Amino acid sequence: MNNQRSLFFNVDWPIILTYITLCIIGWFNIHAAVYDPSNPSIIDLDTNYGKQFFFIISAFIIGLAILLLDSRFFNTFSPIFYGITILLLILVLIIGRNVGGNQAWIPIGNFRLQPSEFAKFATCLMLARYLSSGTIKIQDIKTQLFAAFIILIPTALILLQPDAGSALTFSSLILVLYREGLSGYFLLIEGLAIILFILTVLYNKYLVLTGVLIAAGTWVYFNRKSRNMIKVTGWGVLFSVLFIFSVDFAYNKILKPHQRNRIDLILGKVDDPRGIGYNLNQSKIAIGSGGLWGKGYLQGTQTKYDFVPEQSTDFIFCTVGEEWGFAGSFIVVILYLFLLMRIVNIAERQRSSMSRIYGYGVASILFFHIFINIGMTIGLIPVIGIPLPFLSYGGSSLWSFTILLFILLKFDSNRMGIN
């Protein structure tokens with residue numbers, strides 16, 4: 001009994017209250033997004049908002065169960081969690097249900113389980129366990145390759161579904177490696193890769209390649225006395241050439257037409273508000289029409305008349321913008337910022353390296369989802385179809401984010417840590 005009292009005294013209540021607030025905000029906005037006058041009750045289990053109520057209650061139970069477990073449980077069983085999610089990701093490719101072009105769900109009665117969501121917390125745990133091993137040094141190439149291996153296995157399997165949005169989420173874990181001592185050059189390389197990708201999509205690959213060669217030649221000229229710099233530049237040019245041609249191949253041969261269209265839309269190559277840009281255009285109209293204070297609960301015309309597809313899932317933020325306006329949207333963003341800052345603060349105060357690494361994994365995953373989802377609803381980022389944490393409809397996503405967050409809360413409630 002004393003241990004349980006100590007647990008609930010030590011748990012980070014500001015994060016729990018923020019989590020509960022976001023879940024409730026999500027529930028009411030899902031109710032608004034798919035409101036059915038014939039089933040007005042917000043807890044009617046025949047509706048998506050009624051099902052979300054069940055998902056929220058069950059998520060609270062999952063969170064409580066995690067807090068009652070021993071912290072060492074997650075360290076001990078992290079390889080098993082990781083292995084199970086890998087097996088589920090393989091299984092979904094065999095027996096999964098195809099929805100919207102992605103074979104990402106395993107049907108279980110009337111419920112659909114999405115393994116890619118649960119792979120996030122399992123990968124964070126496995127990565128944290130590996131990097132916190134006593135003899136591991138992030139500067140060693142062997143360590144970097146094995147860490148990349150842990151991240152890339154679920155990424156590759158999710159790409160086979162194909163679910164590019166969920167797969168891209170795992171790229172955020174490079175921030176964890178950077179926090180643990182990975183050279184900043186890797187972040188620079190990632191940034192340059194993004195720039196090369198955009199340029200290759202916008203312009204002819206040979207034109208981009210010419211620009212790279214000119215820039216490299218200029219750099220070598222001003223650093224011609226440094227053999228090491230010339231060598232590094234040479235390797236950089238080689239990888240740039242390979243990357244440019246791989247982007248051109250992937251963009252034209254691997255990406256599906258609708259995925260290319262979304263990228264072209266954001267980069268300004270096409271302007272089709274009634275065709276491929278319909279979802280984004282309607283989302284921006286909904287958010288803009290909310291003004292400062294919004295139209296009021298259940299009063300959004302874009303929401304009420306189903307102008308925005310997937311409004312209870314990927315585009316839930318535009319419901320917030322239309323019905324609660326800039327003020328409501330600002331409050332939601334502030335709640336997310338507080339949550340992320342609090343998580344980073346929790347990660348930094350951990351005595352255990354595994355707890356700290358896991359904490360940064362949680363922050364990275366949540367940041368990616370929040371930034372990308374809100375960014376795509378306002379037209380800053382291509383629509384890649386990932387949920388907004390704790391707000392979007394869906395049991396798999398809510399449960400996985402709950403597990404992700406509450407494992408960290410469990411680690412933090414016992415700052416003796418795990419060795």
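Remember, predicted model here, so these are calculated numbers, not experimental data.
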Legend entry - Least distance between heavy atoms, T169 atom then S172 atom: O-OG, 2.7 Å

Legend entry - Neighbour count above 12 (heavy atom, 6.0 Å) for F330 CZ: no

Legend entry - For F411 against Q350, the heavy-atom pair lying closest together: O-OE1, 3.5 Å

Legend entry - L113 vs W105 side-chain heavy atoms within contact, under 4.5 Å: no

Legend entry - Test side-chain contact (heavy atoms from CB on, under 4.5 Å) applied to Q161 and L89, step by step: CA-CA 9 Å; Q161 295 178 0; L89 288 173; 3.6 Å; yes

Inset, instruction - Output the distance between atom CD1 (I158) and atom CG (L93), rounded to the nearest 0.5 Å. - result: 10.0 Å

Inset, instruction - Decide yes or no on side-chain contact (heavy atoms from CB on, under 4.5 Å) for I150 and Y82, but give the supporting numbers first. - result: CA-CA 9 Å; I150 292 172; Y82 184 76; 4.0 Å; yes

Inset, instruction - Look at R72 together with D70 and state whether they make a salt bridge at an N to O cut-off of under 4.0 Å. - result: yes

Legend entry - Exam field: side chain Q139 to backbone L182, donor-acceptor pair closer than 3.5 Å: no

Legend entry - Shortest non-hydrogen separation from W399 to S58 and the atoms involved: NE1-OG, 2.9 Å

Legend entry - Inter-residue atom distance L177.CG - I138.CD1, 0.5 Å rounding: 5.0 Å

Legend entry - Derivation of the side chain to side chain donor-acceptor pair (under 3.5 Å) call for T402 and Y19: CA-CA 9 Å; T402 298; Y19 161 79; 2.8 Å; yes

Legend entry - Pairwise side-chain contact, L22 with L339, heavy-atom cut-off 4.5 Å (strictly under): yes

Inset, instruction - Identify the two heavy atoms, one from Y297 and one from A32, that lie closest to each other, and give their separation to 0.1 Å. - result: CE1-CB, 4.1 Å

Legend entry - Partner residues of H369 under the ring-ring contact (aromatic ring centres under 6.0 Å, His included) criterion, sequence neighbours left out: F401

Inset, instruction - May I ask you to decide whether D412 forms a salt bridge with R351, counting only side-chain N to carboxylate O separations under 4.0 Å? - result: no

Inset, instruction - Count the heavy atoms belonging to other residues, nucleotides or ligands that lie under 6.0 Å from CZ of F60, then report whether that count exceeds 12. - result: yes

Legend entry - Enclosure of Y178 OH (heavy-atom neighbours >12, cutoff 6.0 Å): no

Inset, instruction - Report yes if some heavy atom in the side chain of M354 is under 4.5 Å from a heavy atom in the side chain of L131; otherwise report no. - result: no

Inset, instruction - Take R356 and E180 through the side-chain contact (heavy atoms from CB on, under 4.5 Å) test and state the conclusion after the steps. - result: CA-CA 9 Å; R356 182 188 67 249; E180 292 307 304; 2.8 Å; yes

Legend entry - Nearest-0.5 Å distance that lies between atom CE in M126 and atom OG1 in T85: 10.0 Å

Inset, instruction - Output the distance between atom CE (M341) and atom CG (N345), rounded to the nearest 0.5 Å. - result: 8.5 Å

Legend entry - Distance-minimising heavy-atom pair for R342 and P14: NH2-CG, 3.8 Å

Legend entry - Check: W27 ring centre within less than 6.0 Å of F53 ring centre: yes

Inset, instruction - Please tell me if the side chains of V34 and I30 come closer than 4.5 Å, counting only heavy atoms from C-beta onward. - result: yes

Legend entry - Donor-acceptor under 3.5 Å (S392 side chain, T313 main chain): yes

Legend entry - Polar side-chain atom of Q103 near backbone of V92 as donor-acceptor pair, under 3.5 Å: yes

Legend entry - Spacing of L391 atom CG and Y393 atom OH [to the nearest 0.5 Å]: 15.0 Å

Legend entry - Side chains of W293 and F326 in contact at under 4.5 Å (non-hydrogen atoms): no

Let me check something: any side-chain donor-acceptor pairs from residues 357-367 under 3.5 Å, sequence neighbours excluded? List them with distances.
from: Y358; atom 1: OH; to: L404; atom 2: O; distance (Å): 2.7
from: Y360; atom 1: OH; to: E348; atom 2: OE2; distance (Å): 2.3
from: S364; atom 1: OG; to: Y360; atom 2: O; distance (Å): 2.8

Inset, instruction - Flag the pair V212 / V241 as yes when at least one side-chain heavy-atom distance between them is below 4.5 Å, and no otherwise. - result: no

Legend entry - Expected output: side-chain T123 to main-chain K120 donor-acceptor under 3.5 Å: no

Inset, instruction - Mind running side-chain contact (heavy atoms from CB on, under 4.5 Å) on L175 and R179 for me, showing each step along the way? - result: CA-CA 6 Å; L175 297 175; R179 167 59 182 84; over 6 Å; no

Legend entry - Donor-acceptor contact below 3.5 Å, side chain D140 vs main chain T143: no

Legend entry - Note, S312 side chain near Q52 side chain (heavy atom, < 4.5 Å): no

Inset, instruction - Assign the ring pair Y35 / Y49 to parallel, tilted or perpendicular, where the plane angle (0 to 90°) is split at 30° and 60°. - result: parallel

Legend entry - Value rounded to 0.5 Å, distance of CG in L405 from CD1 in I403: 11.0 Å

Legend entry - Residue L207 excluded, over 12 heavy atoms near CG under 6.0 Å: yes

Inset, instruction - Measure across S289 and A286 and return the closest heavy-atom pair with its distance rounded to 0.1 Å. - result: OG-O, 2.9 Å

Legend entry - Pair F81 and F73, ring centroids less than 6.0 Å apart: yes

Inset, instruction - Would you mind reporting whether L209 and F245 have side-chain heavy atoms less than 4.5 Å apart? - result: yes

Inset, instruction - Would you confirm whether K205, through its side chain, and T200, through its main-chain N or O, come within 3.5 Å as a donor-acceptor pair? - result: no

Legend entry - W324 and S329: side chain donor to acceptor below 3.5 Å: no

